[in-house]
Amino acid sequence: MADLRLPTDSIVHPDKDRFLARSGDVDRHQANEENPFEAMMSRFDRAALLLDLEPGIYKVLRSPEKEITVSIPVMMDSGEVEVFTGIRVLHNTSRGPAKGGIRFDMNVSLDEVKALAAWMTWKCAVVNIPFGGAKGGVICDPLKMSVGELERVTRRYTAGIMATLGPDSDVPAPDVNTNERVMAWLMDTYSMHKGHTVNAVTTGKPVEMGGSLGRREATGRGVMLTAVQALDHLKMPVQGATVAVQGFGNVGSIGAQLLAEAGCRVIAISDRTGGWHNPKGIEVVDAMAYVRANKTLEGYGKGDPISNEALLELPVDVLVPAALENVITTRNARDVQAKVICEGANGPTTAAADAILDEKGIFVVPDILANAGGVTVSYFEWVQNRGGYYWTEQTVNERLREIMVNSFRDVLKLSQQHRVNMRTAAYMVAISRVSTVHRLRGIYA
Ligand code: GLU
């Protein structure tokens, strides 16, 4: 098991010892490399140390504001009652309403949701949108459930976390295995309880009921925009740049499609059934049509089969891990040959693997920047709902581009100033924005 202790020896900070003594906990991260909360905290600690964050605010930011666990009894199609567990964590709301998706997955756990909620706080701060961070999840296997069962789970979960939800308090969105339809049920359930339609309670809704144009494509578009920024920064041509994408859901497929449109050659794609490798280039739109018809990439056949593990080790210009957490770890980081990693998923790289990627000189666009396009257009959706005035897709995409490009530049600038990698710089940008608000607001007593 990897040792995740903060490599404090490598940090030259005039007040390092005082900081370590007062924060007390910094050396605790010896736990499981793949515990996402530990992974998040060790990056947070490093950035907090570099920022010389005062101990009070450090303690506040380490602790989620609210953790809710609800049991969700659901009548299954068989006539039997099943009880699922649902979680919602609000990490920090100092900058605005808590924002973050809801995932339906068997691997959901409180530790994971806590990490993902904190990542949302940092993500919203990196792109400077006025939201805090939250995340939710239901432990279930949606692939084995009927539409009716999914609807009943969604509605009962929504009722269970009703007290926290609201356009000014907590605004969910889609995440792993949830989509526009799930958001429509959530919005309807909330609105039924309130007695009137409240479309700003969630984002990622169908366009017909207040969803934003461009929201569905936004995370993939942000991945493309930041990957292109990274290539430009490294003076690598975008035209013909080779790309491998792990994950072919909303983020991976659209990211791949837009990178191909930008002139890159997507040579490998994969989903949970495995992947396909074609050095001449994969026609992404064709693969998307195949997945629409067949649900997965299984049997696609236009290329050589490749495993998810082998895809990560291809010698490409850009690697986009856009599936789940912990796919680049101490076990395989040394074998990664990409020049740029653009993290479409949340937490695809473990903290211990960061150091190996640094040693290899790989330029990593971290998740809290690379995949922030989704929540950015969620913000646009919330603004449109509250203003009751809707933007064209072109306006959405232009404003998204501006935010992603400016955020990339903010993070790059700090990384150059402090001679740290992009991940540490992104955390520094985020933590300093959140802590500034805490300083201004003070502590209510
Ligand atoms: N689930 C997405 C994420 O992890 C979007 C969150 C949102 O739009 O609120 O960033």
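Basis for what follows: all heavy atoms, side chains included, without hydrogens, waters or symmetry-related copies. For ligands, and for the atoms within them, numbers begin at 1 and follow the listed sequence.
- Side-chain atoms of Asn385 and Tyr390 include a donor-acceptor pair closer than 3.5 Å.
- Across every non-hydrogen atom of Val327 and Leu312, the tightest pair is O-CD1, 3.5 Å.
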Under 3.5 Å, N/O to N/O: give me all the pairs between ligand 1 and the protein, one per line with atom names and distance.
| unit_1 | atom_1 | unit_2 | atom_2 | d |
| --- | --- | --- | --- | --- |
| ligand 1 | 1 (N) | Pro174 | O | 2.9 |
| ligand 1 | 1 (N) | Asp175 | OD1 | 2.7 |
| ligand 1 | 4 (O) | Lys123 | NZ | 3.1 |
| ligand 1 | 4 (O) | Lys135 | NZ | 3.0 |
| ligand 1 | 4 (O) | Asp175 | OD1 | 3.4 |
| ligand 1 | 4 (O) | Asn346 | ND2 | 3.1 |
| ligand 1 | 8 (O) | Arg215 | NH2 | 3.1 |
| ligand 1 | 8 (O) | Ser378 | OG | 2.5 |
| ligand 1 | 9 (O) | Lys99 | NZ | 2.8 |
| ligand 1 | 10 (O) | Lys123 | NZ | 2.6 |

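- None of Phe37, Phe131, Trp122, Trp119 except one satisfies the ring-ring contact (aromatic ring centres under 6.0 Å, His included) rule with His91; the exception is Trp122.
- Contact annotation: the side chain of Lys123 never approaches that of Ile129 to less than 4.5 Å [non-hydrogen atoms, C-beta and beyond].
- Taking the six-membered ring for Trp and the full ring otherwise, Tyr157 and Phe84 have centroids separated by 6.0 Å or more.
- Scored by the ring-ring contact (aromatic ring centres under 6.0 Å, His included) test, Trp185 finds no partners at all (sequence neighbours excluded).
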